[in-house]
Amino acid sequence: MLPYILRRVLQMIPPLIGLTVILFVLLRIGGEPVAHLVRPEASPEEIALVRAAYGFDRPLVEQYVRQVSRIIVGDFGTSVRFRSPALPLVLERLPATLELTAAALLVALLVALPVGVLAAVYRNSWFDFIVTITTTVGRGMPNFWLGLMLMLVFAVQLRWLPASGRDEPLAVVLPAVTIGVSIATVLVRVLRTAMVEALGHDFVRTARAKGLRTWTVVTKHALRTSLISVVTVIGLQTAWIIGGSVVVEEVFAWPGSGRLMLTAVLARDLSVVMAGVFVFALFVMVINLLVDLSYSWLDPRIQYA
Amino acid sequence: MIRKRIVPCILVMAAAILLSSAAAQTEGRSVVLGVSEIPTSLDPPTDWNIPSTWVHMNVFDCLVWRDRATADFVPWLASSVESVDDTTWRLELREDVVFHNGEPFDASAVVWTFQRILDDPTMITHPQWTWIAEIRELGSHVVEIVTTGPEPAFMSKISGTGCGVQAPEHGRRMAAEGGAYVPVGTGPFEFVEWERENFVRLRGNANYFLGAPEIGELVFRAIPEASTRVANLLTGAVDLIVSVPAQDWDRIRANDGTTVVEYVTTRTMRLPLRISATANTPGWSGPTQDLRVRQAINLAIDRETIIDVIDGMGIPTLSRVTPPTLGWDEAFFDQVGEYDPERARALLAEAGYAGEPLRFTTSTANYKQREVAEVLAAMWEAVGLNIQMEILDPTTYREQVYFPAANEEIDMDAWGNSFFDPWIVFDADREGRREYNGWTGPLADEADRLINAAAAEMDPEARRAMYVELQELHAADLPYLYLYLMKGMMGINERLQWSMPTDEFLWLGDATLTD
Amino acid sequence: MREFLRSTRRSMTSSGLLGLAIVLTVVVCAVLAPTIAPHDPAQHNLRMRVLPPMWLDGGTAAFPLGTDQLGRDVLSRLVHSARVSVIVGTLGTVVALGIGLVLGTVAGYFGGAVDAVISRVLDTFMAIPFIILALAVIAVVGPQRGASGVVLLVVVLGVSGWADFARVARGETMAARTLLFVESARALGQRAGVILIRHILPNIAAPIIVLGALQVGTVIIAEASLSFLGLGIQPPAVTWGTMLADGRGYVATAWWLATFPGVAITLTVVGSVLLGDWLRDALDARSR
């Protein structure tokens, strides 16, 4: 097990290096982030002064090498917008994003587990039919639009929940439901298919034949094996969920790293973008590692050499 | 058995704690402001965005500031301002002021604050202060400022962005230790907590020299989306919001305890028209070189309709010098100008205009700016102009059009004048700085002469006349067109008694509460 | 009833047909927009601002789905917006498919160091959230207007979305490489390019086409998201995403402005998803 984990961790290094190259090239060919550093009336001489002060006048290769050597010690440079180190900026906003992602996942599982299981057990019923239609529509719905509609109904009209921010505990509900529902539409379909297959398996049939109660069979045997596909899909969707949360964080003014990324990209705040994408990519990789590892727990038949 | 009792006990205790903390919060007389953005830095000389200065001004005081009601310049942390000669100013300081951390406010604090800006060219506001040749202590509470030349706009410039006086001991320690900047000033509110892009929390300064503010806790909360700000005002989550869109006015008025209040901003929508090529538009030549085409562009604009498009949120103007700034004139302010599409067409024909494309660049930074651009384009196309419109997001606009001054035939952007002095209006129009329009010719030369003369003219009346003359030159040669001075609408909870001052600064040191 | 539902689910033809019908409708709207739309989508009328749909009080049959903040016809704008969605959705997918197919088959066929390099690049792209990568590219180039705006979006969404295609193409190619006739073609000394195009491509086409149909929906949503954030297609060009962004300030007072474009996006994506699912089932059935 341990050698496997080590190998997987080492495998993350080349993509991370690739990442620095991609981002550096991307963000540097576009222009210089001086817009936020000087006032509107600034003269060309003033702009040149600021460029020199921030090192934007050095050769690109030199700027890249300097940047990477700093990254190795966790220094992503200074945010041109906030005039403070970039990595702590991203890290201080990460809890809000993790909170939102966790809450969204919770919503997704709370919806998807019962709905997916029931749809499989009572397949081809009216319930199953409605679930199929709903999940299909859900797949087509842009989540920021769903967010707007939820805000309209629950915050503006009914005034049950806060419209935005993160000041009150209940504020997480609407953004979490927005993201959670779009994850759930995928999970329900996957879970239903896996459950239908599992319910047809020999060991489930055997268990049933032994006279075990139906729900015990469903939950203990079929659901457990089906969870592998659910976990796999969650792993595959992590990057997608994070990406979608950027727009949802913007809609609900949720002060997470997603919104920080968005404003940083808009302001060409290279250091913050680098740090942010790094943290997100690392996050996605770690989740995928955890997903791989969880297989052995969910299905003891899978072993790692 | 005992165990069973413990659980309800814990629950009751938890409930009591929750209730008492809730009660404590209402006792704190908290006021929450819903703003579009909060500072990216709490160090005044490093962030000049208007929403940032709103926060800075509540924490820091300046030597001279504008009277909240009349907008006249008055001594603030200074007790008197005296002009010794054309280039020397002597300021006596108040002796009853202390910083939030207990440091005394004195001449050394003033010198340290401004010397820090003068010594560091990377500070955004540094160029605003280079008119100071020297600043020195004359006594524990007297400072003398020597300017590089005669400075008629001294009172305006000394209260410019970054003027907040900082605690020197604290500042030196922070510079030595590094790390996050913690602001310590003398203002009506002291800094408590800042979560980037989310909120800044301040608390009332019980020792404020103008009297402790009624507000116990002041929170600036960033809510970028206008409709979300409105929703938060309606639910009572925030007490004051700015830039309320027209479609929401009735909802706020109809809601119990909230209302909307109109105010006038300091920003004017203006359109540079390119007359000749400059550094970043090499080889440019276009129809707007011809005065008749510029006149046609101007005559095709129906300013009344434009005001309608922005829901009445503007005062039509033909100049950027607007009241109460010195030099504003009835001939230009609150005027819709001439609207004559027929003559516009005739002028285009006379100029031999044959459908050459006119590039029209603008951004979405201000209230309904995109809609205004679309309607303008339609008005110009109606008189036969071939408009190529580019509406960009604010950052892209600033980087690709504004900073490189890469605008071509027509450009549109709102410019502010929070200095309340006309020098800044024409500063970017003098020789060598006309990158936005490449204005040349005899009238431009005359403008140069007037700009230089007015900058050193110490007699206010003579200075005023020069600025009126400058506006006449603009109107004759049309290097710029002006549309309107922007108005704004704030939504306010009626428990908060406060009115928007002319400078648009959300300074709440004098606000009162009814609950 | 139960029997009917079961048969429907088994054949999937009815939902497939529905998907086809939706997609065809959108394509027809896109192609014939100037003919179908009752008004010029850019024609403003300040006296007719923010009118509700015709079935509500104050609505008029001249503007069936109401008007926006400048008095422009919402229905006409919806119809014209279909053009951008169809073009960006299709071409964005084609670019992603092209990049992914080439890199994926090359990696899968040659293996070794080539595969190692491409796979690492693939891992890199898989770990960066799609929308963040797209945002970064657009922030660099800056949003563009008119035709270059569409080209930019197509390239951005293509560059950001190729990883899935490459992953599938690589896996399928590796499997196809071991097929008997491919091995014999190699033994006969045929050139790699010929083998890839003549023997491998037909074998891996089915899953790639299915992925492509599903990807169209993803790209349409991504375009809408970027336009919503103000970084996609720039005004005066109209798209569902920019309509949504404009309507966002009116959710409480003029709900139709943000609702109809959302419905249009949802329907279009559902159509492409249904079509994709149906294609998969049909191709699966054939391969078995």
Side-chain angles (χ1 to χ4, degrees), chain A residues 11-12 14-19 21-23 26-31 123-126 128-129 132 136-137 139-146 148-149 151-152 156-157 238-247 250-251 258 261-262 264-268 273 276-277 280-285 288, chain C residues 1-3 5-6 8-9 15 116-117 120-142 214 217-218 220-222 224-226 228-231 240-241 244 247-248 251-252 255 258-259 261-263 265-274 277:
Chain A
Q11 277 172 2
M12 289 182 190
L16 284 175
I17 294 172
L19 212 59
V21 179
I22 293 171
L23 284 171
L26 257 182
L27 292 167
R28 281 324 310 258
I29 47 179
R123 64 180 167 282
N124 299 330
S125 66
W126 272 111
D128 186 23
F129 187 61
T132 306
T136 309
V137 173
R139 279 167 79 185
M141 206 182 282
N143 58 8
F144 58 92
W145 182 62
L146 176 66
L148 279 179
M149 294 294 126
M151 193 196 278
L152 169 63
V156 178
Q157 301 294 341
T238 314
W240 182 78
I241 293 169
I242 295 273
S245 75
V246 173
V247 193
E250 165 69 13
V251 169
M261 282 291 303
L262 185 65
V265 167
L266 279 170
R268 323 293 201 265
V273 173
V277 176
F280 278 142
L282 203 63
F283 181 67
V284 171
M285 290 174 193
N288 281 317
Chain C
M1 192 64 220
R2 191 166 256 257
E3 206 46 44
L5 289 170
R6 191 172 298 152
T8 310
R9 180 175 286 289
S15 67
V117 170
R120 292 294 83 76
V121 176
L122 190 59
D123 287 347
T124 308
F125 274 87
M126 293 287 281
I128 312 178
F130 185 79
I131 197 94
I132 287 187
L133 187 56
L135 278 175
V137 179
I138 289 175
V140 166
V141 192
L214 297 172
T218 312
I220 288 177
I221 290 189
S225 306
L226 292 174
F228 177 74
L229 296 172
L231 294 168
W240 294 329
L244 254 172
R248 183 181 179 187
V251 276
W255 56 267
T259 306
V263 170
I265 299 170
T266 307
L267 269 179
T268 309
V269 177
V270 165
S272 81
V273 164
L274 289 178
D277 285 352

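Lettering follows sequence order; numbering is per chain, from 1. Atoms considered below: every heavy atom in the structure, side chains included; atoms not considered: hydrogens, waters and symmetry mates.
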Q: Please look at A:Met141 and chain C and tell me whether the side chain, the backbone, both or neither of the residue comes under 4.5 angstrom of a heavy atom of that chain.
A: both
Q) Quick one: what part of C:Leu226 sits under 4.5 Å from any heavy atom of chain A, side chain, backbone, both or neither? A) neither
Q: Using the side-chain contact (heavy atoms from CB on, under 4.5 Å) rule, take C:Arg248 and C:Phe228 through it: C-alpha gap first, then chi angles, then the decisive distance, then the call.
A: CA-CA 9 Å; C:Arg248 183 181 179 187; C:Phe228 177 74; 3.6 Å; yes
Q: Give the intermediate values and the outcome of side-chain contact (heavy atoms from CB on, under 4.5 Å) for residues C:Leu244 and A:Trp145.
A: CA-CA 8 Å; C:Leu244 254 172; A:Trp145 182 62; 3.2 Å; yes
Q: For each of A:Ile17, A:Leu152, A:Val246, tally heavy-atom pairs with chain C at distances under 4.5 Å, and name the one with the top tally.
A: A:Leu152
Q.
Heavy-atom pairs under 4.5 Å with chain C - which of A:Leu146, A:Leu282, A:Val251, A:Asn288 has more of them than the others?
A. A:Val251
Q) Yes or no on side-chain contact (heavy atoms from CB on, under 4.5 Å) for A:Glu250 and C:Leu229, after CA distance, side-chain angles and deciding distance? A) CA-CA 9 Å; A:Glu250 165 69 13; C:Leu229 296 172; 3.8 Å; yes
**Q.** Proximity breakdown for C:Val270 and chain A, heavy-atom pairs closer than 4.5 Å
**A.** both
**Q.** C:Thr259 versus chain A, the contacting section by heavy-atom distance below 4.5 Å
**A.** both
Q. Out of curiosity, A:Thr132 OG1 to A:Arg123 CZ, how far, rounded to the nearest 0.5 Å?
A. 12.5 Å
**Q.** Main-chain N/O of C:Val263 paired to C:Trp240 side chain as donor or acceptor, under 3.5 Å
**A.** no
Q) Which residue pairs pass the salt bridge (Lys or Arg N to Asp or Glu O under 4.0 Å) test when at least one of the two sits in residues 122-138 of chain C, sequence neighbours left out? A) C:Arg120-C:Asp123
Q: Select one option (side chain, backbone, both, neither) describing which atoms of C:Leu274 are under 4.5 Å from chain A's heavy atoms.
A: side chain
Q.
Heavy-atom pairs under 4.5 Å with chain A - which of C:Val269, C:Thr268, C:Ile220 has more of them than the others?
A. C:Val269
